[in-house]
Amino acid sequence: MQLFLRGIVLPFQKGKALERGVEALTPALVRVPVATDDSVFPLAALPPDAPVAQGQELCLLENMPVVSPVCGTVDGTLMIHHPLYGPLQCADIIPNGTEEVRLPIPAPEDLTPDAIIEIARQAGVYDELDGIPLWEKLSHWQKTEDDLTPLHSILVADGTANDVYGSAAWALLGDQPKMVLHGLQMAAKAIRFTRCHIATMLPKRRRRALKRAVGRINVYTVGDEYPVTVFADTNLEVYRIGVQACLALAEAIVMGRRHTHTLVTVAGDALPAPRNFYVPFGTDIGTLLTACQAKDNYRIVLGDAMAGIECTDRRTP
């Protein structure tokens, strides 16, 4: 870290981040939160070894469906203390199949702003930028047809991966750029915005490839700074969602898929092989560290390397 006149310069730690693709990883067990305390919850009625399908609704938490991220069998429940979410009652599920429950695919003419928001809720889409359900953000941001706010505003898919180690957003934009754009455009329609774009800080070669894939007008290049503060022209008010949330919304609309997986970067000084893993929600951190051949002496930080939260238990989902 180097001091300079207006702040600090962070050393570039992404390494060969642009060469990291997306690797699917299926853990031996996933741990799914089904309650925020030790109260009775719907999953408790399932007998031991009850089968569940990927995308099957297990219960409702705060008006959001909790779905099984994998096809498998229930292997009991456990109370844990998560460093981000506090006490959680979880169901352990052992993956052992491929059956999947999907939502009905809507006709294009049925995709009204309210219908898009409801699809985001039913699909259980969370925004990776802040952990807030996407439908809640879109509902809060939604404008009426006579509101002039959209004339001076823009919805942005934040693909900057603005962290000294992170590369998941970069990998996703390289892997499924058109689906990310489609989800962004659907989210913009839901809140009645006429402007939207993907914000990125990719190097020139990858930036050009992204523009070829989704159109030059749909990509905005941010400054090389930490943290990023400008995601669009300064005369526009910016509303941000994550690229993974955009992809999840697009998959729910186009394929009826619920949000069951996430793309996560596992990187740092203690890892000889940083990687981007596509994993079911509820995969424990230890599984990821083992796959990356983590050294014995390390500290775990969840989220941004500069502003994240330390985690002391590698069994944390």
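For this chain, numbers begin at 1 and follow the sequence in order.
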Counting C-beta onward and ignoring hydrogens, is there a side-chain heavy-atom pair between [X] and [Y] closer than 4.5 Å?
{"X": "Ser153", "Y": "Leu236", "result": "no"}
{"X": "Thr77", "Y": "Val34", "result": "no"}
{"X": "Thr262", "Y": "Tyr278", "result": "no"}
{"X": "Thr316", "Y": "His82", "result": "yes"}
{"X": "Thr290", "Y": "Thr287", "result": "no"}
{"X": "Val230", "Y": "Tyr220", "result": "yes"}
{"X": "Val52", "Y": "Ile93", "result": "yes"}
{"X": "Phe281", "Y": "Pro317", "result": "no"}

Between Leu181, Val214, Val219, Leu210, which is the residue that forms a side chain to side chain contact (heavy atoms under 4.5 Å, CB included) with Leu173?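 When Leu181, Val214, Val219, Leu210 are each tested with Leu173, the side chain to side chain contact (heavy atoms under 4.5 Å, CB included) holds only for Leu210.
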[X] and [Y] ion-paired at < 4.0 Å:
{"X": "Arg258", "Y": "Glu100", "answer": "no"}
{"X": "Asp158", "Y": "Arg240", "answer": "yes"}
{"X": "Asp130", "Y": "Lys137", "answer": "yes"}

Could you walk me through whether Thr265 and Ser167 satisfy the side-chain contact (heavy atoms from CB on, under 4.5 Å) test, starting with their C-alpha distance in whole Å, then the side-chain angles of each, then the deciding distance to 0.1 Å, before giving a yes or no? CA-CA 6 Å; Thr265 301; Ser167 58; 3.5 Å; yes
Ile300, Ile80: one ILVMFWY side-chain cluster at the under-4.5 Å cut-off? yes
Rounding to 0.5 Å, atoms CD1 (Ile117) and CG (Leu134) come to a distance of 8.5 Å
Roughly how far, to the nearest 0.5 Å, is the CD1 atom of Ile198 from the OG1 atom of Thr160? 12.5 Å
List the steps and the verdict of side chain to side chain donor-acceptor pair (under 3.5 Å) for Asp49 and Thr73. CA-CA 5 Å; Asp49 300 325; Thr73 54; 5.0 Å; no
Evaluate side-chain contact (heavy atoms from CB on, under 4.5 Å) for Val70 paired with Thr26, printing each intermediate quantity in order. CA-CA 9 Å; Val70 295; Thr26 301; 5.6 Å; no
Is the ring pair Phe193/Tyr239 parallel, tilted or perpendicular, if the boundaries are 30 and 60 degrees?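 Ring orientation of Phe193 relative to Tyr239: perpendicular.
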Show your reasoning for whether salt bridge (Lys or Arg N to Asp or Glu O under 4.0 Å) applies to Asp92 and Arg31. CA-CA 5 Å; Asp92 288 348; Arg31 187 157 285 164; 2.6 Å; yes
Taking every non-hydrogen atom, the tightest pair across Gln142 and Pro113: NE2-CB, 3.4 Å
Heavy-atom pair with the smallest gap, counting every atom of Ile94 and Ala28: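 Minimum heavy-atom contact is CG2-O, 3.7 Å.
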Without hydrogens or angle criteria, can the side chains of Thr149 and Asp147 be said to hold a donor-acceptor pair below 3.5 Å? yes
Using the side-chain contact (heavy atoms from CB on, under 4.5 Å) rule, take Ser68 and Gln54 through it: C-alpha gap first, then chi angles, then the decisive distance, then the call. CA-CA 5 Å; Ser68 176; Gln54 179 178 327; 5.8 Å; no
